[in-house]
2 protein chains.
Amino acid sequence: MKNSQLYKGSLNTIIMKLLEENGKMYGYEITQKVKLITQGELNITEGALYPALHKLEAEGLLDVEIEKVDNRMRKYYKLTESGQKETVNRLSELEDFIRNMQSLVNPSPKLEF
Amino acid sequence: MKNSQLYKGSLNTIIMKLLEENGKMYGYEITQKVKLITQGELNITEGALYPALHKLEAEGLLDVEIEKVDNRMRKYYKLTESGQKETVNRLSELEDFIRNMQSLVNPSPKLEF
DNA sequence: AGTTATGTATAAGAATCTTATGTATATTTA
DNA sequence: TAAATATACATAAGATTCTTATACATAACT
C-alpha cells in the first residue's frame, strides 16, 4: 500500500466498495482509481492486490470475466450476490471503525469550570 | 483486537494517543480505557498489547516504570521525548488515513442534469 | 533502442494480530 | 469457604495481510 501501516486490513473493503460503485473493474484500473481518489496518497501494490482479488474470488464474493483489449489481457471482476451482501457488512464495519478511531483520538473535550 | 481486520495496524497509534492524553498508563488500564471509549466494540487482547508495548519501548518511544499496587505489579508506560514527536506524526497519518478512506467510501455524489 | 505505461502473477519475508497457555494476587459470588 | 471472576503481566505458535522483488508480455512514448 503505502508507508503507513494503518491501511493494513482495509484493502478488501476498498476493492468491494469500488466494485459496488462501478459495476466491474480490472486490477490495474483499481490501482489507478484509488491513486486518483486519494490524490496519489494511497498506492496499492500488485503484490497486495492480485492475491486479494484471487482470495475474494475463491470466497465466492467476486466473479471474474476475461477480456482481451488491444491485444492485452484484462480480468474484470464484479461482485456476486453474496459479495453484494457482504459489501454492506464491510462498509458498516468500516463506519464503526472510523467512528471508534475518532472517539479515541478526538475525545470530547473535558469540561472546565 | 476484535473481529474486524480493519484495526490491524492501528494499535500503536491508539497506545501513543492515550499516553499523550493521560501522561502514564499501564497495560491493563489501556485495555479497559479503550473498551470504555469504544463502548465495548474494541477489545485489545493481551497477545497484541504487551508485545506492542515492548516494541515501542525498544524503539525508544516509551519509558517504563514499575510500581507495586495492592501487592500486584504494574508497569507504567509514558512517552519519551522522541515518542511525543512521533505521536504527532502518527496522529497526522491517522487523519490522512481516515480522510482517504472516507473519500473512497463516500465519494462526492455525481451531479445529475 | 530504451524507458515508461499497461496488465497480470507469484514467492520470500516482514509485520501485526489471534488464540492458547502460563503465572500470580485480589475480590466477588455461590 | 470454595469457585469463579477481575486484575496484571508474559510469551509462543500460527494466521493474515502486506512489502519487496521478480517474472512475463504488449503498447506507447522519447
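Lettering follows sequence order; numbering is per chain, from 1. These numbers were taken from a predicted model, which means no experiment stands behind them.
When the nucleotides C:dT19, C:dC17, D:dA8 are ranked by their closest atom to the side chain of B:R74, D:dA8 comes out on top. The side chain of B:Y28 has D:dC9 as its nearest neighbour among D:dA10, D:dC18, D:dC9.
The phosphate of D:dA27 has OP1 or OP2 within less than 4.0 Å of a side-chain N or O from A:N71. In terms of phosphate contacts, A:H54 brings no side-chain nitrogen or oxygen within less than 4.0 Å of OP1 or OP2 of C:dT8. Between D:dT11 and B:Y50, no contact under 4.0 Å exists linking OP1 or OP2 to a side-chain N or O. A close approach under 4.0 Å does occur between a side-chain nitrogen or oxygen of B:Q5 and OP1 or OP2 of D:dT17. An OP1 or OP2 oxygen of D:dA8 is reached within less than 4.0 angstrom by a side-chain nitrogen or oxygen of B:Y26. Residue A:K55 has a polar side-chain atom (N or O) positioned under 4.0 Å from OP1 or OP2 of D:dT17. Side-chain N/O atoms of A:K75 include one lying less than 4.0 angstrom from OP1 or OP2 on C:dA9.
Comparing B:G47 and A:R72 against DNA chain D, the residue whose closest nucleotide sits nearer the 5' end is B:G47. Across the interface with DNA chain C, nearest-nucleotide mapping of A:P51 and A:Q32 shows A:Q32 to be the residue nearer the 5′ end.
We find that CG of A:L49 is positioned 13 Å from P of C:dG7, with the value rounded to whole Å. One interatomic measurement links the two molecules: CD of B:E65 to C1' of D:dC9, which rounds to 17 Å at whole-angstrom precision. One atom, NZ of A:K8, and another, P of D:dT17, lie 10 Å apart when rounded to the nearest Å. Distance A:E57 CD to C:dT8 P: 13 Å, rounded to the nearest Å. Between the C1' atom of D:dA6 and the NZ atom of B:K35 lies a distance of 10 Å, rounded to the nearest Å. B:I44 places its CD1 atom 16 Å from the P atom of D:dA8, with the value rounded to the nearest Å. The OH atom of B:Y7 sits 18 Å away from the C1' atom of D:dT16 (whole-angstrom rounding). Rounded to whole Å, the distance from CG on A:L11 to C1' on D:dT16 is 13 Å.
Base engagement by A:E46 is indicated by at least one non-hydrogen atom pair under 4.0 Å involving a base atom.
Ion pair B:E41/B:K35 not flagged as a salt bridge, since none of the NZ, NE, NH1 or NH2 atoms sits closer than 4.0 Å to an Asp/Glu carboxylate oxygen.
Checking side-chain atoms of A:E29 against main-chain N and O of A:Y26 turns up a donor-acceptor pair under 3.5 Å.
With sequence neighbours excluded, the residues that form a side-chain contact (heavy atoms from CB on, under 4.5 Å) with B:V64 are B:E57, B:K75, B:Y77. For A:E59, the salt bridge (charged side-chain N to carboxylate O under 4.0 Å, His left out) partners two or more places apart in sequence, or in a different chain, are A:K55.
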Point to revise | Check against side chain to side chain contact (heavy atoms under 4.5 Å, CB included), A:L42 and B:L104 | key: CA-CA 11 Å; A:L42 179 51; B:L104 287 163; 4.3 Å; yes
